Each structure stands twice: as structure tokens, then as C-alpha cells.
Amino acid sequence: MNSILPCRAKRISQRRGSAARLISVILMVCGLLAGFAGTGRAYEWIDVIQDYTSLNVPMEILRHPLPELQENESQRLFNGMEKEWLRRKRYLAIGDRKVGADILERLYEQMIDLGVIRMRSYSASLLREAMTLSELGDYKEAISRCNSAEKFSPGFPEPHKVLAKVYWKQNKLNLYSVALEWVKVIQSVAGSFDHMVYFLINVSLLLMVIGFAFFGAFYLVQLIRYYPLLTHNIYELLPGEPHKAGMAILTAFFLAVPLIFGWGIYGLCLFWALLFWSYGREKEQFLHLLFLVFMMTVPFWMGGLQRAMEVLHSDWVQAVIHHQDGVSDDASITALTRLTAHSPKDDSLFFMLGTALKKRGEYLEAEARLEKAISLNPYMAIYYNNLGNTFYAGRNIVKAVEMYKQAMLRDPQNAAAYFNLSAAHRDQLMLQESDQEYSKARELDPERISHYVSILGPSYNRILIDETFSNGWLVRRFANQILSMSEIGKKWLPFLWRNSLYLLAPVALLLALFPLHYVLKLLGIACRCVKCGEVYCKRCRTSIRMDSVCSQCVHVFEKQSGVEVKQRIKKIIEIRRYMDKKMETRKALGIFMPGGAYIYSGRMVKGFFLLSFIVVSLVYTFFWDFLCRDPLMVWAASWSSRIWLMIPAVFLYGLSVVRLYRPRE
């Protein structure tokens, strides 16, 4: 085992043997002190080693000298690639980056030999090293680690996110490289199932927060605008001459009735929608209807997000993700074996287990599992393709050719089956047929075939293309599992009964809106004069010629011959005061509630977008933990860097405030 070590590593181990023992004693004492203090972390004994994944290296192992590390074969941690990974970290601990880089390159070659597409845990560890190196100012090495992480996890967005952060920290003027990496992040998220699910869940959460913020602002504006009208209607319904202070208290009590009777925020919002419907204009009534739909869907929306998170973290989805990554370690095999025992009718589990066993070289077991998958579902072309690869790896070329042809019958557009059949025909010395199949494969999927041609080698796992479940298939299965958890499609009546409050309350409110609005119209809905702001209704102003203008304004400004100058001046002063009051209210709303001034002025779309932009910026800057994050995601954005997200939000908010103080024409 010692013969495989570079000579330089041998010299280092011989020269620094005593020093390593002394350092190990010091580290052990420091570790004990950190344990008593409760503030240290045992795995962060050197800056460039910060692993929080399953590849953590215990301190008692890292304290051993290099020769002892290599000779200890009993530790399971040293099996295969994990052993090489530990050796690399040990060389980094003594400062030998060149040997560490060589080991990293060998690890990548072993990954390709094993047919593994992604090693996300290695990638996450490399990115943490890159972030630490970036903090130390070693940007060149940090960029190198990010590039290595991208090799270990192609299509993984995290390397590009961290690389963009490193570029930004290295040179604030290198905007092109930073923007290019973020474009790659977006492309990677779109092509990765689990990251796309996390992205959609976070977008759904943000939309829900935006909805609550917008409708909260909308109903606050409704309360400010129509509170005098509501008070006037209550005043007209009561006998006698109630006091103004008593009317204010009574109106406040009336607005809080749902909370007093324990209906909660849900009932309060529905009650306010019913209360303010008749006072609003058409645009506001449309928003009331939109709010009712929003409130009807939010409980199911939240339930769907919760079920999506449960399914995403289930053993089945994690097994599919490992299957797509090409991982076939002991943990994956154990998990798949347990899942097949639990769900013996699920063909996808047998297919994934057979593919994983084939990658490990256990061909007879792989054939049995893949044949079981085909017996359960004989219509999946990828099952036949991978079974053909298993026969090919076992040198049963005739059966392999038969399986590839079966795959092409079920999916004539499957480029992998043509490519694999070309390899089988080449082994049978059918060179003309091999060239034809290879040309067909290149025609169907040139990018993928070129990639596999570029990594051809002596390993059978690298010559052939093992098919995996596509993201489209996984999305369909994912959606079906979410629906099955909610029992939709099987038990409609119990489902509707359990959710009757959320379904029937808005529907009942919608049915009650129109007759109530008609009754209020007959009794007389309070209105406000657009000129002077006076509140009136049919009972107190019987001679109304215009619905939007009170009779006094009509008399003063239309019947000018019979109106005294003092009366007209007094009315003009009232109008001016009312306009100034509206402007002050608009300014206050614009300052204390972003977008509130636009909502108050009736420009709902502008108010919605301004409020949404600021809410998203606040969430991403100060409430990052509110969002769902991938367990292997690296914390690529520090608080100081996220604060930059607030700059455009503050700029738009300031611009909206400045517009409020423009001189009026």
C-alpha cells in the first residue's frame, strides 16, 4: 500500500513524524478545551477543511500519521473513493496542495470509471473550501476549487453561485464574469429536478407572502377611505342622535366582530371583504373577488407545499436523485433494497436497484432486478436499455443486442439504445451496421453522444450509456404522490368535508354579496363627494342630481346666480382642505407603506409591483431562513453581500416617495 504514495509524501511523513505527533497532542488538548468551552467545532481544525456532510473526518483519525492512515484497512471510511478523499484532506492539512490536486484528479477519473454522474457531497465540500480560501484572499485557488466542484457535479448550480461570489470579492468591476455565472445558475436550476422543486416552493412561499402583504395594504387603504362612510351608514340606522365618539367606538367594535366571536383572521378578512364591497369602485370590487379566491386557495396551497416538502425528502425521491446522479454506494443499495421490500409492485424501484447493482459489477443480481422491473412494466424503453448494458458487461452480446432492439421498438427516439447497439455490433465485427447505428444516435442527440465519446475508456461502464429516469417522468410521479397524499381522486367527499370551511365560506360570501349589495342600494349606500369630501346618502340628501357630487356642490357651482360669494368662497375653501387632506394621506401611506400611495390613488398594478419588489428584497436580505434550502446547498451569500439586494428596492421606494412631493400643476 505504501508503494502507491508519491516519494515526496514519504519524505514529508519521515521528516515530520515527531512533529505530527506533537501537533496531534496539541490539537487533542485544544479539542478538549473547545469541548469544555462549548464554542469550538471538532471538524474545523484547519481553515480549508470545513465539511458538514457525511464525509466528516473524526479528529482521532486525522491525528494519525500518513503511513498509519494508509495501512488501516479496517475502517469503512477508507473504502474506495472515501479513502482517497481522506488522503487528499490529510495532504491539504500538511500544506501539500499539489499532491491534493493530483488525488482530486484521480478521484474524478474513478468517478467516471464507476459511471457516476455527480458526487454532490464532494462538490459541497470543495465549495466550502473555496469559500474559506476566498475569505483568506487566495482567489486563484478558490476559483480552482469551484471549477473542480463543477466537474464533480455538472449541472449543479452551487459551483456557479460560489464562483460568482468569488469573482465579485476578487474584483467588483468584473461584472461580466459575475453575471455569466448567475446565468449559468439559472440554467442549472432549470435542468435539475430537486433544485427546481426547491425554487418553485420558494417562489410559492414568496407569492403567498406578497399576496398577504398586498391585500393587507389594500384593506388598510379601504379602511382609511371608507371608514367615514361606514360610520355614516351605522349612524343612519341607529335611532336618535348618537354621539360622534360613541359612533367611532361602535364602528370599531363592528369592524372587530369576527375577532370577538373567535372567527380568526380568516373570518375577519372575509367579513371586511363583505363590508367594503358596496363602497368600492369596479376595480376595487374586482380585487375583493380576487382576495376571496386567494383566501380560498391559500389553505390548499400551504397543504400542497407541505406535502411537496414531505415527498421531496422521502426515501423514494432521494433514491431517484441518487439514481440520476449515478451513485451506487452501500447506502443507496440498502435504501433501494428496503424500498423494494416495502413496495414490491413498484417497477421503478427494481429498475433503480438493478442499475445500481450493475454499476457495482454484480451483474447476475442486476439482471434479476431489471427483469423484475420489465415484468411489472414492459413498456419502458430505458428498462430494456440498461438490461442490455448488463448483458453486455457480462459479455452476453447476443442478449444485449436483443434488449437494445426491444428498447428501440418502444422508443424509436432513444439515442442511447442506438449508441449502445452500435457498440455491440462493433464487438460482433458488424462494422457497417455499427456505423449506421452510431450515425443515428448522433442525429438524435448529438450533444450527449459527443460527451460520451469524449470520455471513452477501457471500462464497460464508460463505453455504454446507462439510461436514468428523466425529469419529466419524475415530475409526473412527484405530482401523483402529492395528490395521493391529499387523497384527491379516491375520497372526494371526505376531502371536501374536511375542507368545507375554506371552500364553502368564500362561496357563501360570494352568494351573499349580490343580494346584500342590492338591499344596501335600496336603503342608500353612503357616498362621498369628489369635490368637498362630504359624506351623504339618499336619506340625508334627497335632491341629488349627480351620484359623485353632493347637492350642496351642485347648488353652489351650477346655480351660481342664486349663491352668495361668501358661500361659494367657503365651499372652495372646504374643497381645498379636502384635497390637501387627501394629499397628506397619500404621502403618509407612500412613506409608511411602500406602494400604499399608488393603491390609495387607484393605480393598483404599480402598487402591487412596488410592494412585491420590496417584500422579496426584504425576505432575501433579512429573512433568509424563511426560505427552503437544499441540505447540500452552500451558504453562498453572506449578510453583507445580501444587503446589496436592498439597493434597488430602496431606490424604487425613494423614487416613489420623491414623486409624491413633486409640485402639483
Side-chain angles (χ1 to χ4, degrees), residues 112-117 323-326 328 333 336 340 347-470 472-473:
I112 298 298
D113 286 335
L114 292 172
V116 179
I117 299 172
H323 160 74
Q324 290 182 322
D325 289 347
S328 57
I333 296 295
L336 285 169
T340 53
D347 54 282
S348 63
L349 295 174
F350 287 98
F351 167 70
M352 292 186 289
L353 179 57
T355 302
L357 291 170
K358 180 259 178 185
K359 289 181 179 295
R360 294 165 64 95
E362 301 176 20
Y363 301 127
L364 293 179
E365 292 291 330
E367 290 172 12
R369 301 304 192 283
L370 290 170
E371 288 172 349
K372 175 68 173 178
I374 290 174
S375 66
L376 292 172
N377 186 358
Y379 304 106
M380 294 288 286
I382 59 176
Y383 294 1
Y384 294 93
N385 178 80
N386 286 17
L387 180 57
N389 290 349
T390 307
F391 285 133
Y392 189 103
R395 309 313 295 161
N396 192 340
I397 307 299
V398 176
K399 282 191 174 181
V401 170
E402 181 183 350
M403 291 299 105
Y404 297 144
K405 290 181 177 179
Q406 290 291 332
M408 288 186 290
L409 282 175
R410 285 157 179 80
D411 184 8
Q413 303 299 314
N414 192 331
Y418 286 97
F419 181 84
N420 296 335
L421 182 58
S422 171
H425 281 330
R426 187 171 59 250
D427 275 16
Q428 292 177 324
L429 300 180
M430 302 169 62
L431 302 183
Q432 184 176 359
E433 291 82 354
S434 176
D435 291 340
Q436 291 176 355
E437 304 300 340
Y438 176 75
S439 300
K440 182 65 175 178
R442 288 292 294 257
E443 179 184 344
L444 291 173
D445 196 347
E447 183 177 354
R448 188 181 185 194
I449 299 303
S450 298
H451 169 70
Y452 274 90
V453 169
S454 66
I455 61 172
L456 282 177
S459 171
Y460 294 124
N461 286 314
R462 292 172 66 181
I463 290 177
L464 302 179
I465 300 178
D466 280 329
E467 286 281 75
T468 60
F469 288 121
S470 64
W473 177 89

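Just so you know, these numbers use all the heavy atoms, side chains as well, and skip hydrogens, waters and symmetry mates. The chain is numbered in sequence order, starting from 1. It should be emphasised that the depicted structure is a prediction, and the values quoted were computed from it without experimental measurement.
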What distance do [X] atom [atom1] and [Y] atom [atom2] have between them, rounded to the nearest 0.5 Å?
X      : Y      : atom1 : atom2 : answer
Thr340 : Leu353 : OG1   : CG    : 5.5 Å
Leu431 : Leu429 : CG    : CG    : 6.0 Å
Tyr384 : Gln406 : OH    : CD    : 6.0 Å
Lys440 : Met408 : NZ    : CE    : 10.5 Å

#### Entry: Qualifying salt bridge (Lys or Arg N to Asp or Glu O under 4.0 Å) pairs, either residue in residues 366-392, two or more places apart
Glu365-Arg369

Going by side chain to side chain contact (heavy atoms under 4.5 Å, CB included), name the residues that satisfy it together with [X], two or more places apart in sequence or in a different chain.
X      : answer
Ala356 : Ser328, Ile333, Leu336
Glu433 : His425, Met430
Ile397 : Tyr392, Arg395, Val401, Ala424, Asp427, Gln428
Asp435 : none

### Asp445 vs Phe419, side-chain contact (heavy atoms from CB on, under 4.5 Å): CA-CA, chis, key distance, verdict
CA-CA 10 Å; Asp445 196 347; Phe419 181 84; over 6 Å; no

### Task
For Asn386 and Thr355, test the side chains for any donor-to-acceptor distance below 3.5 angstrom and give the result as yes or no.
yes

List the atom of [X], the atom of [Y], and the distance in Å for their closest heavy-atom pair.
X      : Y      : result
Leu444 : Pro412 : CD1-O, 3.9 Å
Gly354 : Ala366 : O-CB, 3.3 Å
Lys405 : Leu421 : CG-CD2, 4.4 Å
Arg410 : Pro378 : NE-O, 2.6 Å

Sequence-distant partners of [X], side-chain hydrogen bond (donor to acceptor under 3.5 Å, both in side chains), two or more places apart:
X      : value
Ser434 : Ser422
Tyr418 : none
Thr390 : none
Asp411 : none

### Query
Among Asp466, Asn420, Asn414, which one satisfies side chain to side chain donor-acceptor pair (under 3.5 Å) with Asn385?
Asn420

### Summary
Sequence neighbours excluded, the answer for ring-ring contact (aromatic ring centres under 6.0 Å, His included) partners of Tyr404 is none

### Message
Phe469: which residues meet the ring-ring contact (aromatic ring centres under 6.0 Å, His included) condition with it, sequence neighbours left out?
### Response
His323, Phe351, Trp473

### Task
Using salt bridge (charged side-chain N to carboxylate O under 4.0 Å, His left out) as the criterion, list what pairs up with Glu467, not counting sequence neighbours.
Arg448

